[in-house]
Every structure is written in structure tokens, then in C-alpha cells.
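Below, chain A is the first sequence line, B the second, and so on; all start at residue 1. Keep in mind the model is a prediction, meaning the values are calculated, not measured.
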Protein chains: 2
Amino acid sequence: MQVSARGEYAVRIAVTLAQGHPRTISASSLAAAQALPRKFAEVILGDLRRAHLVDSVRGVEGGYRLARSPEDVSVGEVLRAVDGPLAEVRGRRPEETSYEGAAVNLPRLWVAARAAVRSVFDEVSLAQAATGEFPLRIDELTAADDAWTPR
Amino acid sequence: MQVSARGEYAVRIAVTLAQGHPRTISASSLAAAQALPRKFAEVILGDLRRAHLVDSVRGVEGGYRLARSPEDVSVGEVLRAVDGPLAEVRGRRPEETSYEGAAVNLPRLWVAARAAVRSVFDEVSLAQAATGEFPLRIDELTAADDAWTPR
DNA sequence: AGCATATCCTATCGATCAAGTAGGATTCAA
DNA sequence: TTGAATCCTACTTGATCGATAGGATATGCT
């Protein structure tokens with residue numbers, strides 16, 4: 001589950017927009033607030049706009065705002081807008097995989113993995129991510145002591 | 001959660017080894033059984049050997065076999081051996097991330113996502129993947145009707 | 001009208017990595 | 001000694017990632 005720089009930046013931007021909602025915020029302000037390269041932030045905001053996750057206003061006093069209310073936009077949507085699908089196996093969707101021999105059962109495993117990822121990113125809204133009041137499921141996942149240790 | 005070609009190939013190879021355990025199988029046979037490029041399969045088997053997941057035997061009648069019994073090797077170990085850590089955010093481990101402002105809570109989200117991925121790949125053994133008798137948790141994840149539909 | 005401040009569009013760039021190939025050296029059993 | 005196998009080093013090719021450059025276009029204010 002690699003989250004790219006684009007993905008990370010996009011979520012940080014989106015969460016900042018959520019916190020300021022419904023004010024519009026300029027790309028420069030967003031970039032400054034999260035310490036990101038301004039031009040790169042513009043590119044990412046373009047992606048979010050084309051995915052209809054944010055609206056933009058041009059000109060002086062212009063900027064970006066969430067197209068929907070922060071409780072209504074999931075982190076998963078933001079990630080999909082800038083990187084593609086949440087889960088892929090060798091560039092294919094999990095349910096499109098198919099194997100012979102000992103590997104025949106792997107598609108079920110890939111689908112399960114995707115479902116697990118969705119159960120986090122699609123169940124957390126930008127509002128929750130901004131306030132830190134996550135769903136119970138998330139608290140349970142992070143509660144296990146080894147959740148915070150690398151493997 | 002992008003599984004690379006290396007990752008996919010590695011799991012297919014590992015599952016094939018699991019099915020034949022404890023016989024040793026040559027790289028050519030493995031490649032043929034799963035329709036993979038032979039040379040590339042060799043590279044991957046080298047990774048698995050260096051991670052002590054498989055043992056190798058040189059010479060005629062040589063080949064590869066699992067270093068431990070198939071019930072004792074998880075899919076997660078195989079994936080880590082060929083791609084790196086199961087979850088990374090902009091090239092960093094989830095618990096190493098840190099943000100200012102509206103994004104302060106994101107590390108918990110990344111850790112939760114990693115925990116979710118682990119709960120699939122680290123809880124499924126090669127034996128289970130080969131037989132298709134997955135843990136209950138996996139069946140539950142794949143049971144939801146929308147688990148098999150793209151988003 | 002003119003200016004400052006924005007978004008927005010197109011193009012480019014360097015570095016890195018992924019996937020796969022090539023060729024041969026080495027090992028081992030029969 | 002021969003054949004089949006692992007193993008090692010190197011290379012190629014293409015794509016992608018992260019980022020930057022420069023300017024065209026829109027908007028509000030004075």
C-alpha cells in the first residue's frame with residue numbers, strides 16, 4: 001500500500017480545506033500551511049478539481065474550497081483522484097486477476113486486501129481526519145501495540 | 001496498495017512451492033507452471049532465498065523448496081521479501097510521518113491502513129492460499145457483494 | 001483603464017525504478 | 001565428462017514520479 005507524494009500531499013491539502021470550510025483558500029496559502037512546493041500543489045488541486053472534489057475561484061480573492069461538506073468526502077476519494085484505484089495487482093484490478101494451478105485462489109486474497117484498505121480510507125471523512133475523531137474501527141486498528149512498530 | 005509484478009510473481013511461485021512441499025522444484029518448472037519469464041523467476045527466487053524463505057539446491061535434480069512448512073510462511077513475508085514494507089507513505093513508514101496544522105492526525109490514519117493490510121497478508125499462510133481455505137476474516141471481507149466491484 | 005492576484009494550461013526535465021534480458025561462471029549428480 | 005541446474009554481473013528499455021518554467025486567462029479593486 002504505497003501512498004505516493006501526490007497522494008500524501010492531496011490528503012494534507014484536502015484536510016486543510018476541510019478545516020477552513022467553506023472559505024476559499026489559495027494554492028499559495030495551502031502550500032505554505034503544509035510546507036509543499038506551490039507549483040506542485042497547483043497540479044494536485046487541478047486533479048482534485050477535475051474529480052469534482054473541489055471548486056475553484058479565479059482572480060483576486062480566489063482559491064479553492066471543497067465541493068461537498070467535509071463530512072461527505074472520504075479520504076479514499078481524494079486518494080483515487082490523484083493516484084488511481086486504491087488497490088491494483090500488477091496494474092490490474094483485483095477481480096480481473098486469474099491464475100492457473102496452485103495460484104487459482106489468489107484473486108480472493110487480492111479482493112480481501114482491497115476490501116481491507118477500503119474499510120479504512122473509504123470510511124474516514126475529511127472532517128474526521130481533520131478533527132482526529134476517527135470511527136471506532138480505526139481506533140481499534142491503531143490500538144494494538146504492534147500497530148506502531150515496523151516489520 | 002499496489003502489488004508489483006515482482007510481488008505477484010513471488011506469491012504465485014511461493015504458492016506453487018507450497019503445493020509441492022517438500023519436493024524441490026526447478027526455476028524452469030516454476031516458471032512454466034505459472035507462465036512467467038524464466039529469467040525473471042530466477043531473480044525473484046534469489047530474493048526469496050536471500051530472505052531465507054526458500055532453500056536452494058544446485059546441480060542436476062536441484063531447485064528450490066520452502067525453508068519452512070507452508071503453514072508457517074505468510075503471504076506478507078513473501079511480499080516483503082521482494083517489494084519492501086507492506087505500507088509506505090511517500091517512501092516513509094507510517095509511524096515516521098509527522099505533520100503540522102490540519103494534518104496532525106494523519107499518522108494514525110496511515111498506521112490504521114497498514115494494520116488493515118497486515119490483517120490480510122500476515123494472517124494468510126501459503127498453505128491456506130494454496131488450498132483456498134482462508135481464515136474466516138478473509139471470507140467475511142470477500143463476502144460483501146461490493147467487494148468484487150471496482151470503484 | 002490598469003493593476004495585482006489568482007487559477008489554469010502546456011511543456012519540459014532529471015532521476016529513479018520496474019520489468020525483463022543476456023551471457024556466462026559455478027555447482028553437482030550420474 | 002556431461003548435462004542440468006543455480007547463481008552472478010551487467011545491461012536495456014520504457015515508464016513514472018516529483019517537480020519546475022513560463023505564460024495565458026480570469027477576476028476584483030481603485
Is there a donor-acceptor pair closer than 3.5 Å between any side-chain N or O of R12(B) and the backbone N or O of Q34(B)?
yes
Please answer whether the main-chain N or O of A87(A) pairs with a side-chain N or O of R114(A) as donor and acceptor at a distance below 3.5 Å.
no
Which residues in residues 26-33 of chain B have at least one heavy atom lying under 4.0 Å from any atom of DNA chain D?
S26(B), A27(B)
Looking only at non-hydrogen atoms, find the nearest pair between P70(B) and S125(B) and report the distance.
O-CB, 3.6 Å
Please report, rounded to the nearest Å, how far the C1' atom of dT6(D) is from the CG atom of D55(B).
13 Å
Lys/Arg N to Asp/Glu carboxylate O, R92(B) vs E8(A), below 4.0 Å:
no
Can you find a side chain N or O atom of Y64(B) that sits less than 4.0 Å from OP1 or OP2 on dA5(D)?
no
Gap between atoms CZ and C1', on R92(B) and dC17(D) respectively (whole Å)
15 Å
Can you tell me how far P of dC9(C) sits from CG of L45(A), to the nearest Å?
13 Å
Given dA6(C), is OP1 or OP2 found less than 4.0 Å from the side-chain N or O atoms of S56(A)?
no
Is any side-chain N or O of R49(B) closer than 4.0 Å to OP1 or OP2 of dC7(D)?
yes
For the pair made of CD1 in I44(B) and P in dA19(C), what is the distance, rounded to whole Å?
9 Å
Measure the distance from CZ on R38(B) to P on dG24(C) and round it to the nearest whole Å.
14 Å
Ring pair (Phe, Tyr, Trp, His ring centres under 6.0 Å) contacts touching residues 50-83 of chain A (sequence neighbours left out)
none
Do the non-hydrogen side-chain atoms of R6(A) and D47(A) ever get within less than 4.5 Å of each other?
yes
E8(A) has an atom CD; how far is it from atom P of dC17(D), in whole Å?
15 Å
What is the distance from CZ of R6(B) to P of dT21(C), rounded to the nearest Å?
13 Å
Which nucleotide wins on minimum distance to the side chain of P37(B), given the candidates dA19(D), dT5(C), dG20(C)?
dG20(C)
Is a donor-acceptor pair below 3.5 Å formed from side chain R58(A) to base dT27(D), judging by atom type as modelled?
no
Along DNA chain D (nearest heavy atom to each residue), the more 5'-positioned of Y9(A) and V57(A)
Y9(A)
Which comes earlier along DNA chain C counting from the 5' end, the contact point of G63(A) or that of R90(A), where each point is its nearest nucleotide?
G63(A)
Whether the side chain of E42(A) and the base of dC8(C) hold a donor-acceptor pair under 3.5 Å is what I'd like checked.
yes
L48(B) atom CG is separated from dC7(D) atom C1', nearest whole Å, by 15 Å
Is the closest basic N to carboxylate O distance between D146(A) and R118(B) below 4.0 Å?
no
Report yes if a donor N or O on one partner sits less than 3.5 Å from an acceptor N or O on the other, where the partners are the side chain of K39(B) and the base of dG23(C); otherwise report no.
yes
